[in-house]
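Reading through the structure tokens given below for one structure.
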Amino acid sequence: MPADYRGRWILESSDKFEDYLKALNIDFATRKIAISLSQTKVVSQEGNNFEIKTLSPLRNYERPFTVGVEFDEYTKGLDNKTVKSLVVWEGDKLVCTQKGEKENRGWKHWIEDNKLYLELTCEDVVCIQVFKRK
Ligand code: 1AG
């Protein structure tokens with residue numbers, strides 16, 4: 001049985017998010033708005049089929065994927081790039097690599113103490129976001 005990520009999760013802390021946005025070449029004004037936004041993750045999951053919605057007052061980002069199946073991901077409304085993404089299980093962690101123009105791009109999700117963690121990586125920047133159940 002894969003780990004269960006289902007639910008609504010609200011952002012409670014964010015470390016190095018602006019550095020992550022900078023690594024993605026997001027401009028100053030957009031960064032300042034983005035770091036001030038509340039974010040909610042809505043995760044649907046049936047076995048290895050996921051949909052993760054990231055909701056914010058400014059923009060939403062919705063991405064379905066199947067663990068183990070590579071897909072073309074267009075980061076619409078984020079940095080608007082196409083990357084080749086693959087999500088795999090590493091134990092109970094969901095680990096995504098996003099191959100494209102940026103080195104070392106990807107993310108990891110895991111659950112610890114009933115919190116949802118998200119590590120966002122781009123080049124040498126690692127951002128950690130923590131979400132609590134809504
Ligand atoms: C992601 O999560 C990232 C989801 O794939 C959004 C998080 C960070 C935003 C990344 C780049 C931001 C570019 C421009 C900023 C403008 C608006 C910010 C809006 C933020 C909410 C959409 C991994 C996984 C699901 O949870 O794919």
Side-chain angles (χ1 to χ4, degrees):
M1 275 285 281
D4 185 357
Y5 283 81
R6 288 174 298 173
R8 294 177 73 85
W9 307 85
I10 184 156
L11 184 65
E12 128 184 308
S13 71
S14 202
D15 185 55
K16 301 226 160 53
F17 185 48
E18 185 166 10
D19 293 334
Y20 172 76
L21 298 177
K22 211 183 271 189
L24 290 177
N25 304 121
I26 305 301
D27 67 82
F28 179 88
T30 308
R31 289 203 307 268
K32 294 299 166 194
I33 296 167
I35 61 171
S36 76
L37 294 174
S38 67
Q39 286 185 37
T40 300
K41 296 277 183 192
V42 182
V43 182
S44 321
Q45 176 185 3
E46 276 182 60
N48 280 325
N49 297 320
F50 280 81
E51 181 172 55
I52 302 182
K53 296 183 183 176
T54 306
L55 308 178
S56 83
L58 178 70
R59 250 168 237 172
N60 300 328
Y61 184 69
E62 305 184 2
R63 184 64 244 180
F65 60 87
T66 302
V67 177
V69 180
E70 191 177 59
F71 57 98
D72 291 314
E73 178 171 14
Y74 176 54
T75 60
K76 188 174 193 290
L78 304 179
D79 62 327
N80 298 305
K81 290 284 154 45
T82 302
V83 291
K84 284 251 181 242
S85 297
L86 174 65
V87 184
V88 297
W89 290 111
E90 282 184 12
D92 284 339
K93 278 193 185 184
L94 280 175
V95 177
C96 179
T97 49
Q98 295 173 308
K99 275 189 255 165
E101 72 177 42
K102 294 290 181 185
E103 287 302 312
N104 198 30
R105 180 171 184 174
W107 54 259
K108 295 181 185 186
H109 269 303
W110 67 95
I111 294 172
E112 213 176 290
D113 298 332
N114 210 26
K115 303 255 167 105
L116 175 71
Y117 286 76
L118 172 59
E119 184 185 281
L120 293 161
T121 303
C122 181
E123 296 174 333
D124 61 348
V125 176
V126 181
C127 160
I128 301 256
Q129 296 187 323
V130 185
F131 298 77
K132 64 181 178 193
R133 287 201 183 268
K134 206 164 176 175

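Hydrogens, waters and symmetry mates play no part in the numbers below; they use all other heavy atoms, side chains included. Computed from a predicted model, the values in this text were never measured in an experiment. Ligands are counted one by one from 1 in listed order, and the atoms in each one are counted from 1 as well.
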Quick one: which ligand 1 atoms are inside 4.0 Å of a heavy atom on His109?
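Per the distance check, 24 (C), 26 (O).
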If you draw a 6.0 Å radius around CG in Asp113, do more than 12 non-hydrogen atoms from other residues or ligands fall strictly inside?
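It does not: Asp113 CG has 12 such atoms or fewer within range.
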When you look at CD of Glu112, are more than 12 heavy atoms from neighbouring residues, nucleotides or ligands closer to it than 6.0 Å?
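Atom CD in Glu112 is packed in, count exceeds 12.
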Is it the side chain, the backbone, both or neither of [X] that has a heavy atom closer than 4.0 Å to ligand 1?
{"X": "Leu78", "value": "both"}
{"X": "Leu55", "value": "neither"}
{"X": "Thr75", "value": "neither"}

Look at atom 23 (C) of ligand 1 and find which of Trp107, Tyr20, Phe65 reaches it with the closest heavy atom.
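Residue with the shortest heavy-atom distance to the ligand atom: Trp107.
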Could you check which of Lys41, Arg63, Lys53 puts a non-hydrogen atom nearest to atom 2 (O) of ligand 1?
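Nearest option to atom 2 (O) of ligand 1, by heavy atoms: Lys41.
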Quick check against the 3.5 Å criterion: does [X] have a side-chain atom that pairs as donor or acceptor with the backbone of [Y]?
{"X": "His109", "Y": "Tyr117", "answer": "yes"}
{"X": "Gln129", "Y": "Leu118", "answer": "no"}
{"X": "Lys16", "Y": "Val125", "answer": "no"}
{"X": "Asn49", "Y": "Gln45", "answer": "no"}

What protein heavy atom sits nearest atom 11 (C) of ligand 1, and how far off is it?
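Looking only at protein heavy atoms, the one closest to atom 11 (C) of ligand 1 is Leu21 CD2, 3.6 Å.
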